[in-house]
Protein chains: 2
Amino acid sequence: MAASAKKASSSKKTAAPSKTTANLAIDRVSEPVEDYLKAIYDLAGKSGTASTNDVAARLNVAAASVTGMIRRLASQGLLEYERYRGVRLSETGRVVALRTIRRHRVIETYLTEVLGYPWDRVHDEAERLEHAASDELVDRMATSLGNPTSDPHGAPIPTADGQMDERRHQTLAELDIGTRARMVRVSDKNPGLLRYLAEIDLTPGTEVQVLARAPFDGPITLQVGDTEPVVGQGLAVQVLVEEVQDET
Amino acid sequence: MAASAKKASSSKKTAAPSKTTANLAIDRVSEPVEDYLKAIYDLAGKSGTASTNDVAARLNVAAASVTGMIRRLASQGLLEYERYRGVRLSETGRVVALRTIRRHRVIETYLTEVLGYPWDRVHDEAERLEHAASDELVDRMATSLGNPTSDPHGAPIPTADGQMDERRHQTLAELDIGTRARMVRVSDKNPGLLRYLAEIDLTPGTEVQVLARAPFDGPITLQVGDTEPVVGQGLAVQVLVEEVQDET
DNA sequence: TCACATTTTTAGCGGAGGCTAAAAATAAAG
DNA sequence: CTTTATTTTTAGCCTCCGCTAAAAATGTGA
């Protein structure tokens with residue numbers, strides 16, 4: 001009679017907490033759920049809604065699986081859903097998504113800054129750790145980094161209470177020839193591109209100037225920082241920039 | 001026709017690798033599987049085998065679930081199993097278990113040393129991270145810590161190639177009264193005990209001397225380091241020590 | 001508006017890992 | 001050597017999260 005600790009129910013723990021400000025203290029959800037919410041969050045973008053198909057493509061699952069998961073998420077109040085009408089995150093869902101995104105980005109930053117991970121390989125590691133790391137751990141990492149506001153790829157890091165800088169940026173492809181701009185951001189999902197950008201020193205914060213550019217993301221001639229001009233290919237629509245005021 | 005990237009098979013990737021030394025490069029297994037292997041590893045201890053019931057108690061699952069999982073693990077070659085006869089890890093299973101244990105302990109050490117986690121709360125965090133962290137990440141942490149050989153609770157950290165110091169130690173309860181000893185290790189699973197030990201400064205490396213002791217883990221009087229003697233309760237069988245040679 | 005294309009949903013299924021209740025094997029006690 | 005207790009397994013079921021194939025809804029071009 002030494003071991004008899006069954007009682008698997010776990011339904012008595014969730015009392016209704018504060019509710020004062022934003023409902024922080026939301027039960028942690030499963031890994032797939034976090035992935036769905038993240039995907040929906042950034043597919044929805046400005047319009048606010050995302051389509052089944054887009055979510056499926058993003059997560060590399062069948063559309064039917066998305067429908068199934070979406071029904072579950074809706075029944076948990078994480079999103080609003082109307083058949084055939086697309087999906088929109090609820091406030092709760094948005095908060096969960098943002099916290100997941102925060103974890104991801106803080107972890108990426110930490111791995112890069114503190115543990116010397118190359119910026120083209122942090123994504124996969126962060127993708128796994130974001131589901132396992134507690135908010136406390138992430139906050140400790142953030143603190144030890146001095147609460148950075150963007151990750152190594154220039155993506156904004158949501159604050160612990162769910163605020164995020166949502167500014168939209170231009171791509172290099174949209175930039176007027178000759179304008180001076182600061183490299184702001186690039187997706188963390190394309191290791192090849194990231195290695196290439198590191199090679200030509202085009203990283204967030206660097207000043208660039210487009211000297212010439214072919215349409216449809218064709219060859220582009222860039223002056224990166226003060227170095228010799230380089231000719232790049234296939235990066236114009238990937239790299240986000242922000243014009244820089246010439247102080248005359 | 002923009003999105004059509006199904007092809008979910010992922011079975012072409014696993015060619016047979018080196019096989020030279022120990023079969024490192026073993027496919028990563030699921031979280032429950034890692035937990036079972038860890039549990040079996042340290043329940044088996046010296047005898048080499050573990051019982052269904054013990055595993056069930058350790059993992060807080062029903063015995064029937066253990067039988068089910070054990071069959072799966074056996075069919076994957078991670079352990080040897082004979083109905084009603086208990087279970088023994090295969091070499092592969094042992095390696096997987098040790099790598100998981102290494103991840104756990106390195107992570108605990110890192111959280112404590114670098115991120116300031118209190119030693120009574122690292123266990124839970126490590127328990128989750130150990131399944132998500134890559135061996136590369138763990139090796140980077142280990143390197144940045146100077147490749148420690150034991151974690152904050154004194155547990156030995158297996159090396160990256162699966163060697164671990166398996167020395168057995170005495171408990172405080174077994175120590176002759178008056179003998180001077182060094183505190184070596186305590187379980188990481190009991191936060192209350194850990195807080196208490198921290199309070200009386202009884203941490204790995206500290207010298208202790210048992211001044212008096214009641215049987216059956218009753219009250220014990222200890223001299224910890226050079227401080228005033230303290231009377232403790234319920235820790236004698238938990239705290240592992242190693243006698244210290246008086247250099248006369 | 002009708003016909004066809006596309007998107008989304010439903011129906012039905014599978015595997016991993018849980019569970020309980022009952023049966024079977026092993027171990028312990030008389 | 002039985003009888004009883006304990007341990008382990010089997011049987012049958014459940015949930016989560018995938019899948020495919022087929023049906024239904026929506027959208028589009030003529």
Side-chain angles (χ1 to χ4, degrees), chain A residues 1-11 27-40 43-44 47 49-76 78-88 128 131, chain B residues 1-11 27-40 43-44 47 49-88 96 128 131:
Chain A
M1 234 142 262
S4 58
K6 287 298 121 59
K7 275 305 127 65
S9 85
S10 81
S11 55
D27 278 355
R28 197 73 176 260
V29 296
S30 74
E31 189 165 324
V33 168
E34 289 185 342
D35 286 336
Y36 274 86
L37 294 176
K38 265 204 313 175
I40 293 166
L43 288 171
S47 85
T49 80
S51 80
T52 301
N53 247 10
D54 291 353
V55 175
R58 162 67 71 102
L59 295 179
N60 254 285
V61 298
S65 307
V66 174
T67 302
M69 176 62 98
I70 275 175
R71 287 161 52 79
R72 254 169 284 155
L73 299 185
S75 81
Q76 291 184 240
L78 292 166
L79 46 79
E80 284 142 42
Y81 169 54
E82 211 175 334
R83 310 192 301 350
Y84 293 99
R85 262 308 118 77
V87 78
R88 143 178 275 121
R128 282 175 286 104
H131 305 296
Chain B
M1 235 144 262
S4 58
K6 287 298 121 56
K7 274 307 127 62
S9 83
S10 80
S11 56
D27 278 356
R28 198 69 176 262
V29 297
S30 74
E31 190 165 324
V33 168
E34 289 184 342
D35 285 335
Y36 273 86
L37 295 176
K38 263 203 315 174
I40 293 166
L43 287 172
S47 84
T49 77
S51 80
T52 301
N53 248 8
D54 291 353
V55 175
R58 163 67 71 101
L59 295 179
N60 254 284
V61 298
S65 307
V66 174
T67 302
M69 177 60 99
I70 275 176
R71 287 162 53 77
R72 252 168 284 154
L73 298 184
S75 81
Q76 290 183 242
L78 291 166
L79 46 80
E80 283 141 43
Y81 169 55
E82 211 175 336
R83 302 169 333 334
Y84 293 98
R85 254 322 112 76
V87 78
R88 143 179 274 122
V96 173
R128 283 176 284 104
H131 305 297

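Every heavy atom of this structure was used, including side-chain atoms; hydrogens, water molecules and symmetry mates were not. Lettering follows sequence order; numbering is per chain, from 1.
Note: A:Arg88 CZ to A:Glu82 CD = 11.0 Å, rounded to the nearest 0.5 Å. Taking CG of B:Leu59 as the start and CD1 of B:Ile40 as the end, the distance is 8.0 Å to the nearest 0.5 Å. Here the CZ atom belonging to A:Arg58 is positioned 11.5 Å from the OG atom belonging to A:Ser51, to the nearest 0.5 angstrom.
Of the listed nucleotides (C:dG18, D:dC19, D:dT8), D:dC19 has the atom at the smallest distance from the side chain of A:Ala62. Listed candidates were C:dT9, D:dT10, C:dG18. Nearest to the side chain of B:Arg71 is D:dT10. Considering only side-chain atoms of A:Thr67, the nucleotide from D:dT8, C:dG18, C:dT8 that sits closest is C:dT8. For A:Thr52, whose side chain is taken as the heavy atoms from C-beta onward, the closest listed nucleotide among D:dT8, C:dT9, D:dC17 is C:dT9. Of all nucleotides listed (C:dT8, D:dC17, D:dT7), C:dT8 comes nearest to the side chain of A:Asn53.
Note on A:Ser30: every side-chain N or O is 4.0 Å or more away from OP1 and OP2 of D:dC16. For the pair A:Ser51 and C:dT7, the criterion of a side-chain N or O lying under 4.0 Å from OP1 or OP2 is not met.
If you measure from atom CD of A:Glu34 to atom P of D:dC17, you get 11 Å, rounded to the nearest angstrom. What separates OH of A:Tyr81 from P of C:dT7 is a distance of 16 Å, to the nearest Å. Whole-Å rounding puts the B:His131 NE2 to C:dA16 P distance at 18 Å. The interatomic distance linking B:Leu59 (CG) with C:dG18 (P) rounds to 8 Å, in whole Å. Rounded to an integer number of Å, the gap from B:Arg72 CZ to C:dG14 P is 17 Å. Between B:Glu82 atom CD and D:dT8 atom P the separation is 14 Å, expressed in whole Å. Taking atom CG on A:Leu73 and atom C1' on D:dC16, their separation rounds to 12 Å, with Å as the unit. Atom-to-atom, CG of B:Leu43 to P of D:dT7 comes out at 15 Å; the value is rounded to the nearest Å.
Nearer to the 5' terminus of DNA chain D, by closest-nucleotide assignment, is the contact made by B:Asp54 (compared with the other of B:Asp54 and A:Pro32). For the pair A:Val33 and A:Ala64, both in contact range of DNA chain D, the more 5′-proximal nearest nucleotide belongs to A:Val33.
Residue-level contact check: B:Ser65 touches the bases, meaning some heavy atom is under 4.0 Å from a base atom.
Applying the side-chain hydrogen bond (donor to acceptor under 3.5 Å, both in side chains) rule to pairs touching residues 28-37 of chain B yields B:Arg28-B:Glu34, B:Glu34-B:Arg103, B:Glu34-B:His131, B:Asp35-B:His131, sequence neighbours excluded.
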Which pairs, protein N/O on one side and nucleotides 22-29 of chain D N/O on the other, fall under 3.5 Å?
from   : atom 1 : to      : atom 2 : distance (Å)
D:dA25 : O4'    : A:Tyr84 : OH     : 3.4

Throw together a table of side-chain donor-acceptor distances under 3.5 angstrom for residues 63-76 of chain A, partners on residues two or more places apart or in other chains.
from    : atom 1 : to      : atom 2 : distance (Å)
A:Thr67 : OG1    : A:Ala63 : O      : 3.4
A:Ser75 : OG     : A:Arg72 : O      : 2.8

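The two residues A:Ala44 and A:Ala50 have their closest heavy-atom pair at N-CB, 4.1 Å.
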